[in-house]
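We count residues from 1, following the sequence as given.
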Amino acid sequence: MRWIPNWLAEKYSLLYLSRGVEAFDFEEAKKIFKLEDKRVVSIILTQLRNRGFLISWRDSVDPRRKFFKLISPESIVFAFGVQNLTRDKTLFAKIQASSKHLDCVIGGAYASFKHHRYSTPGKIDIHVNKEDLEKWVALLTDKGTAISIDAIPSEKTGKENVHIHSDLTNDTLKQSTIINGIRYLTPEILVVEGLKSEDRLSLIDALAILITKRDELDYDKLLRLAEREGVTRKLGCVLEMINYEAGREMFPTRQIAEIQGRTDTSYLTSFPKKIETAPFTEEEKEHYMDIGKRWNVKIYLSKAFVSKIVTDLVR
């Protein structure tokens, strides 16, 4: 975030006196500023947003209409103070500086990358407490950073793309580990999340973590999480596929047998479930049929997809 000059602070104070932290639209801002020039009003609102003093989003019914909401003065002062705890103003330096004051956990693709170091992610997902959301928006807003907030997508792309989720829970905190002063989701939960979501990038992350962290994973924890989320068959299939492509026993047969022993394979299922949303398949046909028969699963995950990851990561 950047502090604002006097002329912009005057406009912020007028908005705050009139609307507080309630939402308002462009026409209301014009009336509050007593300005008719739409261009000037747009500049004011854009400057407030770019400096971390305001949030904006488009109407879901009429995308031409925009709404705005001020970030409270208390949140702004707090964020500015935290930012100035460190001379380093980079994104992760600010997150680390805030760790003594605010809880947060990094999840998604960036957390996976922190564990496997395989494919560089396109965004950073940060889970925070709902009551701290404004503080995080103010703190992380920067010229080169595009910020999405819950269901509100960023209106721009940046050098760094951050998605702030105000859904942090005690369970998420428990399922995190500290790396260089910042909390990340554990590799076990990220593997399970990847298998559950079934999208291409999440599956790449899940397989990459399994391969690179195979000697460090807590398999009891992994299996418990897989059972809770109903993905034990996917886990067993993936471990067998990795072994097949590696040409050796990366994961012990007894380990896979234990997973199968705790899995209900009485009904037929498919993996991924929706072929039309799985562009990483070579064709809409089954692969790894022998493995699929053992787990009663029609596997549409292509050999080329799995082989690429295994070849890249197995030395």
Side-chain angles (χ1 to χ4, degrees), residues 95 99 103-121 123-128 163 165 167-243 245-246 249-265 269 271-273 291 295 297 301 305-306 309-310 312-314:
I95 294 173
S99 62
D103 286 327
C104 86
V105 175
I106 295 179
Y110 195 88
S112 296
F113 173 72
K114 199 71 178 177
H115 295 299
H116 61 56
R117 295 289 180 178
Y118 176 47
S119 53
T120 306
K123 68 169 183 171
I124 301 163
D125 290 276
I126 303 178
H127 300 269
V128 306
H163 194 154
H165 307 266
D167 60 358
L168 185 62
T169 64
N170 285 332
D171 280 346
T172 305
L173 281 172
K174 290 176 184 176
Q175 293 167 350
S176 66
T177 184
I178 299 174
I179 304 173
N180 297 329
I182 298 174
R183 286 192 173 274
Y184 296 85
L185 284 180
T186 61
E188 293 82 8
I189 191 69
L190 290 164
V191 167
V192 170
E193 284 185 354
L195 294 175
K196 186 177 179 181
S197 70
E198 295 190 342
D199 70 83
R200 180 178 183 275
L201 295 177
S202 295
L203 284 171
I204 289 174
D205 285 333
L207 268 68
I209 290 172
L210 285 169
I211 293 167
T212 59
K213 293 291 180 179
R214 62 187 180 278
D215 296 328
E216 302 167 36
L217 289 171
D218 182 333
Y219 286 96
D220 288 336
K221 178 181 178 181
L222 179 60
L223 185 50
R224 287 197 305 272
L225 290 169
E227 287 176 322
R228 187 184 74 183
E229 299 298 331
V231 297
T232 51
R233 271 204 278 186
K234 296 177 189 178
L235 176 61
C237 287
V238 163
L239 297 184
E240 284 209 54
M241 285 186 271
I242 292 171
N243 280 354
E245 294 299 341
E249 208 173 84
M250 303 276 289
F251 301 94
T253 302
R254 57 175 176 73
Q255 196 174 62
I256 296 171
E258 181 186 353
I259 295 171
Q260 191 165 28
R262 292 169 61 171
T263 302
D264 179 8
T265 60
T269 188
F271 175 47
K273 287 186 173 63
I291 295 173
W295 294 88
V297 176
L301 201 63
F305 176 80
V306 179
I309 300 168
V310 174
D312 288 345
L313 293 174
V314 176

4.5 Å side-chain heavy-atom contact, Y184 and Y110
yes

Side-chain (N243) to main-chain (M250) donor-acceptor, under 3.5 angstrom:
yes

Is K213 salt-bridged to D215, cutoff N-O under 4.0 Å?
no

Within a strict 4.5 Å, meaning less than it, do heavy atoms of the D205 and S119 side chains meet?
yes

Hydrogens and angles aside, do D312 and Y118 bring a side-chain donor and acceptor to less than 3.5 Å of each other?
yes

List the atom of V306, the atom of L301, and the distance in Å for their closest heavy-atom pair.
CG2-CD2, 4.0 Å

Beyond-backbone contact of Q175 with L225, side-chain heavy atoms, under 4.5 angstrom
yes

Under 4.0 Å between a side-chain nitrogen and a carboxylate oxygen: does that hold for E258 and R254?
no

Of all heavy-atom pairs between C104 and R183, which one has the smallest distance, and what is that distance?
O-CB, 3.4 Å

Which of these, T177, L173, I126, sits in a side-chain contact (heavy atoms from CB on, under 4.5 Å) with V105?
L173

Does one side chain, of E193 or S197, offer a donor that lies under 3.5 Å from an acceptor on the other?
no

Please report the shortest heavy-atom distance between R214 and Y219, naming the atom on each side.
O-OH, 2.7 Å

Identify the heavy atoms of T232 and W295 that sit nearest to each other, and give their distance.
O-CZ3, 4.3 Å

So F113 and H116, would you call those rings parallel, tilted or perpendicular, with 30° and 60° as cut-offs?
perpendicular

Side-chain heavy-atom pair T212, H115 within 4.5 angstrom cut-off:
no

How close do A109 and D125 get, counting heavy atoms only, and between which atoms?
N-OD2, 4.3 Å

Assess whether a salt bridge exists between E198 and K234, defined as any Lys/Arg side-chain N lying under 4.0 Å from an Asp/Glu carboxylate O.
yes

